[in-house]
Participant: 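Dropping a structure here in structure tokens format, bear with me for questions.
Source: prediction; values computed, not measured. Per chain, numbering begins at 1; letters A, B, ... match sequence-line order.
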Amino acid sequence: MKTDELREKYLAFFESKGCVRRPSDVLVPKGDKTVLFTPAGMNQFKSQFLGIGPLEFTRATTCQKCLRTGDISNVGLTAYHHTFFEMLGNFSFGDYFKEEAVLWAWEFLTRKEWLGLDPDRLTVTVYLDDDEAFGIWENQVGLSRDRIRRDDEHENFWPAGAPSEGPDGVCGPCSEIYYHPPTGGKEVEIWNLVFTQFNRVGPPPDNLRPLPKKNIDTGMGLERTAAVLQGVESNFEIDTLKQVCLAAGEAVGVPYAFASEHGRALRRIADHVRAVAMCVHEGVVPDNVKQGYIVRLLLRRAMLEGYLIGKHEPFLYSLVGTVFDVMKAAYPDVAGSTESVATTVREEEEHFLGIVDRGLAKFDRIVERCRKSGEARITGEDAFELHTQDGFLIEMTEAMAARHNLAVDADRFRQLLDVHREKSGAGVFLDAVMAEGPLDAIRKTSGGTQFLGYEVTTVDAKVVGIIAEKQLVESVDEIGEGHPIAVLLDRTPFYGEAGGQVGDVGVISEEGVLFQVLDTQRDDDLLLHIGHLRRGTLSVGDTVRAVIDADRRAGIRRAHSATHLLHHALEQTLGPHAMQRGSKVENDALRFDFSHKGPLTPEERLHIEDLINARIAEGAPVSTVVVDQKTAKERGAKMLFGEKYPDRVRMVTMGEFSVELCGGTHLSNTGQVGLCRLIAEEPVAKGVRRIVAYTGHRALERVRETESLLADVARALRVSQPQELVRRAEQLHDEIQTLKRELSQFTKASVGETVETFLSEAETVSGAKIVCRRVDGADRDMLREFADQLRSRAGSAAVLLATEIDGKVALLAAVSKDLISSKGVKAGDCVREAAKAVGGGGGGRPDLAEAGGKDVAKIDDALAAGAAVYRKALGAAG
RNA sequence: GGGGGAUUAGCUCAGUUGGGAGAGCGUCUGGCUGGCAGCCAGAAGGUCAGGGGUUCGAGUCCCCUAUCCUCCA
């Protein structure tokens, strides 16, 4: 059975049991800051499992795109590990329970019209004391007792080990179904049924309280089950992934076969490139933070495998088409983005090869050093430096070291990495309050926060929760900056950061109490006012007044509406491909990333700015309505790729030209933007450009700053009109050049004359001239020129020159080469001795040394002291 | 968010315990020369990212800022 067929059959089967077929959630779940990527099928149903909010349905089934990196080192090595994979699931929220879950699973697996697996090849497990599940398997399914195994809480409980070790919260026993292949190979776990039926409260005993509403959460690995059905020994041999492996072999230049030399490497490439392609499709591009970083890491690990086989140029990008070919049946929208995803991947590959290239120089130096010192291995410190500064994965350093017959101290490396991890710490500000447990608890007791900020800026509300240090607290009285505190209200005017728009700031107050809100974040339907208490004691249950900084909000509204105008202007100017890739909206400032190849021309920039300001000038009305998704689509609202929208959406319309789905705060008329100026246009990633623009006050200030800067420069350069600035600057530059040249020629000439005099008046010791003179009005460069000329004209010379610069003494000594080698005369000895006389110090090389001192009056003493050193050195040796 | 590193000629980069700013490529000029990075000679081109400090003296040491790279979260 093909993988696509399996996926469809599963969903169809559970639809026939009354489950609502829901689309896969996106890979980066929105409104859930507790995970980087969607790790399992149940993730999108978190609030349903918690019993929060209205239930539109009580049974569901999905095929969920998932990404996990915990077992990344096993990928390609074992038969079943992946980073990206698909999870088939059926879910019950207080609806059906164990009996149905078990019987339906059995029916789907064994009935001819569904999977038709041989029942004799299946065994199951249940949790130690879950007699209910045991009974269902034995009596209703009819399995003999020897095919039902009881396992402990680490195997058959979710979360693993929860009863004795926690965490607190919903949990339950599970039951797993195993397949035993006819080849006699190892058994395969193909389905895990989780019976969520307890709430854990504290440590044992008697800590598992039955839930009033019991849930079902099951997961069946798509690739695993496909492997079973197709009778192959590894997930990578199924119809879909095998194609990617074959394509990877072709791209790297070695044929793929499961047991071949490069099989493991090619499987890794296939797995990682699939994960990368699916992520990039959803707009998660390689980057150095969060999800983007994981994508970059996956991409680089995949590249590394190819690199070590000998492929030293980009190749992953060429696999994107194959990946999307095998994924498009389930996710049709991937087909359209092959080209842009491939371009992004290729760009990152080229980037990485460039980094490796640069790092190779350092690597070679390290190898060379090892060879010289006879070391047999590269130190952990060196490997760590290659890792943290040049992006060399440890595997890469090891493989490349092996080619030079060197090992790598990997233990030390890992030790250093651990220290590094420790030092890096976690994000302190948000982490302290965005804790899952307390948030769920507040959600349960009080429901979501009612947001009133579209209409008003001030709201009287009730405090429903306070979080400090990841704990729910009844009240806070700690004044100050120490630890961030999150306050939750039943209703609020504060906008929580979302859709690129930053969170509001402001104050929450009551009689004698003041809480300053520095940021507002959201967790799904909860709004968290994050900040510090300034006065009094704030307690849960208090009635407070919540007031946002309205001026700042007004600037944010201007910037947000201008963002829509910019989006519109970009499409008009550059074409429909200029789609939004990300945005940030702040107080009168905005940042907008969009798809486009290459930099914009100055004309395009001007045209975009003109278009935006034309829309502002025409004063088009801005209206906001909440409609269902279908209506919005019909109205032609812009939808983003890889973005998942709720069924009811907020649609923002401006005049006749712009319709977007947007939860942000907007103006009522485009004219209120006032002025919009493009400030910068820059690359973010290949195929993605960023525009920064200012609106309102800030745009005006920017213009004024530029003007006043020009005026200042004009004043400084003594021109009456800014138009003359360029000519004036060029003229000045030329003048300085000419003067410098003239000065140095003049100096050389005048030095030449004086040098003759100095030499004729110099004393001679053992055939060498000793010149110790004061040169008034010279600078350090001039002293050098003197020393050079004296040495070259005299042949053998020992020189000490002194001058006064800025009220301090400058000394310079020089000795010709012959005196250094034959008599051991050193300029440094002389200058040090001389410097003592003027209260300073110095040094340098034998042929040239410099020093300085403070006592100008003693310059002659210094010269005498220097001359004495020379005399002694020359005399003693001669 | 934190750690490490980088920033020197148009480009790619050297620059040793602090003591005279360099190379290759490119550009320009002159000469030589039938070829695939033509050859030879000469020249122009630098606030050593910016600011502060230590020092007689800072590209070099310390602090701050900006930008980029990289690792960790």
Side-chain angles (χ1 to χ4, degrees), chain A residues 33 35-36 69 286-294 296-297 300 348 351-352 354-362 365 381-394 396-397 413-414 416-432 434 484 519 680 682-684 732-734 736-738 740-741 744 779-789 791 799 801-815 826-828 830-832 834-856 858-859 862:
Chain A
K33 292 196 161 70
V35 292
L36 279 180
T69 53
D287 194 6
N288 58 1
V289 289
K290 298 199 169 158
Q291 285 93 354
Y293 182 64
I294 304 282
R296 169 171 280 176
L297 209 58
R300 289 185 176 182
E348 177 67 14
H351 179 72
F352 184 50
I355 292 166
V356 168
D357 215 37
R358 277 201 294 281
L360 279 177
K362 185 183 282 181
R365 273 201 297 276
E381 279 78 4
D382 282 336
F384 183 68
E385 190 175 306
L386 282 169
H387 177 71
T388 56
Q389 287 170 20
D390 302 286
F392 273 41
L393 299 170
I394 181 70
M396 173 145 177
T397 306
F413 172 84
R414 276 176 234 296
L416 289 166
L417 198 60
D418 284 342
V419 174
H420 183 52
R421 278 208 185 96
E422 195 66 32
K423 261 197 305 198
S424 294
V428 270
F429 193 70
L430 285 183
D431 253 29
M434 299 297 279
D519 187 19
E682 58 199 22
V684 184
L732 283 171
H733 186 253
D734 288 350
I736 291 167
Q737 293 290 327
T738 312
K740 266 190 184 167
R741 206 171 297 133
S744 91
D779 60 12
R780 286 182 181 276
D781 282 336
M782 215 159 146
L783 293 184
R784 276 188 202 109
E785 183 66 32
F786 263 107
D788 281 348
Q789 291 202 27
R791 278 187 299 186
V799 181
L801 301 167
T803 189
E804 182 189 333
I805 300 173
D806 296 335
K808 284 190 253 178
V809 182
L811 296 165
L812 182 137
V815 176
K826 292 198 181 90
C830 169
V831 89
R832 250 190 301 277
K836 274 186 200 163
V838 286
R845 305 187 311 262
D847 65 312
L848 189 104
E850 287 180 89
K854 284 166 186 156
D855 199 345
V856 181
K858 298 228 174 107
I859 285 184

Participant: If we take the P atom in both B/rG45 and B/rG52, what is their distance in whole Å?
Facilitator: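 Looking at atom P only, B/rG45 and B/rG52 are 27 Å apart.
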
Participant: How far does the C1' atom of B/rU67 sit from the matching atom of B/rG50, given to the nearest Å?
Facilitator: 11 Å

Participant: So, using salt bridge (Lys or Arg N to Asp or Glu O under 4.0 Å) as the criterion, who are the partners of A/Arg784 when residues are at least two apart?
Facilitator: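 Testing A/Arg784 for salt bridge (Lys or Arg N to Asp or Glu O under 4.0 Å), a comparison that skips the adjacent residues, returns A/Asp781, A/Glu850.
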
Participant: Rounded off to whole Å, could you give me the CG-to-C1' distance for the A/Leu801 and B/rC56 pair?
Facilitator: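 For the pair A/Leu801 CG and B/rC56 C1', the rounded distance is 16 Å.
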
Participant: Does A/Arg832 place a side-chain N or O at less than 4.0 Å from the phosphate oxygens OP1/OP2 of B/rC56?
Facilitator: no

Participant: Only counting residues at least two apart or in another chain, list the ones meeting salt bridge (Lys or Arg N to Asp or Glu O under 4.0 Å) with A/Glu785.
Facilitator: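 None.
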
Participant: Quick one: does A/His387's side chain have a donor or acceptor within less than 3.5 Å of a partner on A/Phe392's backbone?
Facilitator: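 Yes, because the side chain of A/His387 sits within donor-acceptor range (under 3.5 Å) of the backbone of A/Phe392.
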
Participant: Counting only side-chain nitrogens and oxygens, does A/Arg296 get under 4.0 Å of the OP1 or OP2 atom of B/rU70?
Facilitator: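 Result: yes.
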
Participant: Out of B/rG19, B/rG3, B/rC56, which has the shortest distance to the side chain of A/Glu850?
Facilitator: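 Among B/rG19, B/rG3, B/rC56, the one nearest the side chain of A/Glu850 is B/rG19.
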
Participant: Work out how far the P atom of B/rU12 is from that of B/rG51, and round it to whole angstrom.
Facilitator: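 These two P atoms come out 23 Å apart once rounded.
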
Participant: Can you tell which of B/rC71, B/rG57, B/rG19 lies closest to the side chain of A/Lys808?
Facilitator: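 The nucleotide sitting nearest to the side chain is B/rG57.
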
Participant: Taking A/Asp847's backbone N and O only, do any of them form a donor-acceptor pair with A/Arg791's side chain (distance below 3.5 Å, no angle check)?
Facilitator: yes

Participant: For A/Phe352 and B/rC69, give me the distance from atom CZ to atom P, rounded to whole Å.
Facilitator: 15 Å

